[in-house]
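A short write-up of the structure that comes next.
Worth knowing before you read on, the calculation uses all heavy atoms, side chains too, and leaves out hydrogens, waters and symmetry mates. Chain letters run A, B, ... following the sequence lines, proteins first and then strands; every chain starts at 1.
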Number of protein chains: 2
Amino acid sequence: MSGQTNVFFGEYIRELRTLRKLPLRKVASELDIDPSTLGKIERSTRRPPKEIIDKLASIFNVDLARLKSIYLSDKISFEVLSEGLDKEVLEEAEQKINILKSRNAYEKNS
Amino acid sequence: MSGQTNVFFGEYIRELRTLRKLPLRKVASELDIDPSTLGKIERSTRRPPKEIIDKLASIFNVDLARLKSIYLSDKISFEVLSEGLDKEVLEEAEQKINILKSRNAYEKNS
DNA sequence: TATATTTGGACAATTATTGTCCTAAAAAAT
DNA sequence: ATTTTTTAGGACAATAATTGTCCAAATATA
């Protein structure tokens, strides 16, 4: 049993909000979206558009790359499971990241 | 230098096709799509709809889960790099897969 | 050089995502 | 206990993304 709380994007941003004792209404208005949409994002029933992620990082003063990473890893894990696949895919993806990075590096010098 | 050829979905299915000496035209007609669309899928400039992946597996007699995995790992690696993130995301995703799997298992028995 | 294949863009049709509104349920405040 | 606020969740139109189709140019093959 090691901490499994608030690992997902929605849970996490809900925590950021509730720790500050802010209602959906207030944060939503800062984000310039509907409170119900923000609620859905917190419950992972809607996806956060990129711009919302940026704004959340700035409103709550958390690292943007970290927040993006939390969101993208959510998305990846959902995708893998919903395709009926498993973790091996991630290793394959890792290799491909290496390949793409080296290809890009090569292109820069050619 | 270890084999970096035909690792990506498009490259791979092109290899399957060319090894059999089939033109785009023929495979496309079996798939019931336009040859130019298939060409784009092979060059990774278009995404293969799910149904096409299924049909490709059956046409070329390759394992469907394998083919899905090749495609999804492509997609994941592109996503990670295009967000300016890196491999750490994948480890985070792996943890989340574990969590989701255990949550699902729990739900079944409750 | 003729024929077949592949590439790549333009465009409409379809499908998915997003934002907005509304009502009901749940929680908090008085 | 009742009022007020917050949260949950669905319906729907507006917008954006994806897909399928067609065409013409470039490349490769016969």
Side-chain angles (χ1 to χ4, degrees), chain A residues 5-6 8-57 59-60 67-68 71-72 74-83 103 107, chain B residues 5-6 8-57 59-60 67-68 71-72 74-83 103 107:
Chain A
T5 52
N6 308 326
F8 293 99
F9 183 84
E11 298 171 339
Y12 178 64
I13 63 167
R14 169 155 290 187
E15 182 182 46
L16 292 176
R17 178 176 64 81
T18 53
L19 282 175
R20 290 165 175 76
K21 304 200 192 304
L22 298 167
L24 288 170
R25 180 176 50 80
K26 289 219 167 189
V27 176
S29 100
E30 283 204 68
L31 293 169
D32 216 33
I33 60 173
D34 206 86
S36 99
T37 300
L38 180 57
K40 283 164 193 159
I41 292 170
E42 288 185 348
R43 276 171 278 126
S44 304
T45 61
R46 281 252 176 138
R47 309 191 149 175
K50 257 193 242 311
E51 200 195 348
I52 298 298
I53 297 180
D54 295 346
K55 288 182 179 170
L56 283 167
I59 289 172
F60 291 131
L67 202 55
K68 282 184 178 173
Y71 174 62
L72 185 54
D74 272 30
K75 197 173 157 202
I76 292 171
S77 61
F78 295 151
E79 268 177 332
V80 169
L81 291 178
S82 75
E83 290 293 339
R103 282 191 190 173
E107 272 160 27
Chain B
T5 52
N6 308 325
F8 293 100
F9 183 85
E11 299 171 339
Y12 178 64
I13 63 168
R14 169 155 290 186
E15 182 181 48
L16 292 175
R17 178 176 62 82
T18 54
L19 283 174
R20 289 164 175 78
K21 305 202 192 304
L22 299 167
L24 287 170
R25 179 175 50 81
K26 289 219 169 188
V27 176
S29 100
E30 283 205 68
L31 293 169
D32 216 34
I33 60 173
D34 206 86
S36 98
T37 300
L38 180 56
K40 283 163 193 158
I41 292 171
E42 288 185 349
R43 276 169 278 127
S44 304
T45 62
R46 280 253 176 137
R47 308 190 150 176
K50 256 193 242 311
E51 200 195 348
I52 298 298
I53 297 180
D54 295 347
K55 288 182 179 168
L56 283 168
I59 289 173
F60 291 130
L67 202 55
K68 281 184 179 174
Y71 174 62
L72 185 54
D74 273 29
K75 197 173 157 203
I76 292 171
S77 61
F78 295 151
E79 268 177 332
V80 169
L81 292 178
S82 75
E83 290 294 340
R103 282 192 190 172
E107 272 159 27

What is the separation between atom NZ on B/Lys75 and atom P on D/dA17, rounded to the nearest whole Å?
15 Å
Per atom distances to the B/Arg47 side chain, the nearest of D/dT18, C/dG19, C/dT17 is D/dT18
A/Arg46 side chain to A/Ile41 backbone, donor-acceptor under 3.5 Å:
no
May I ask you to evaluate whether B/Arg14 reaches the phosphate of C/dT7, defined as a side-chain N or O under 4.0 Å from OP1 or OP2?
yes
Tell me whether the rings of A/Phe9 and A/Tyr71 are parallel (<30°), tilted (30 to 60°) or perpendicular (>60°).
perpendicular
If you define the side chain from C-beta out and look only at heavy atoms, does anything of B/Thr37 sit under 4.5 Å from B/Leu31?
no
In whole Å, what is the span from the CD1 atom of B/Ile53 to the P atom of D/dT18?
15 Å
Write down the distance between CD (B/Glu51) and P (D/dG20), rounded to a whole number of angstrom.
8 Å
Any ion pair linking A/Glu51 and A/Lys55 (charged N to carboxylate O, less than 4.0 Å)?
yes
Can you measure from CD (A/Glu79) to CD1 (B/Ile76) and round to the nearest 0.5 angstrom?
6.0 Å
Quick one: does B/Arg46 reach the base of D/dG20 with a side-chain donor-acceptor pair under 3.5 Å?
yes
Near DNA chain C, under 4.0 Å by heavy atom, which residues of residues 23-41 of chain B?
B/Pro23, B/Leu24, B/Arg25, B/Ser36, B/Lys40
Any salt bridge between B/Glu11 and B/Arg43, counting N to O under 4.0 Å?
no
Just the rounded figure in Å: distance from P of C/dA27 to NZ of A/Lys21.
17 Å
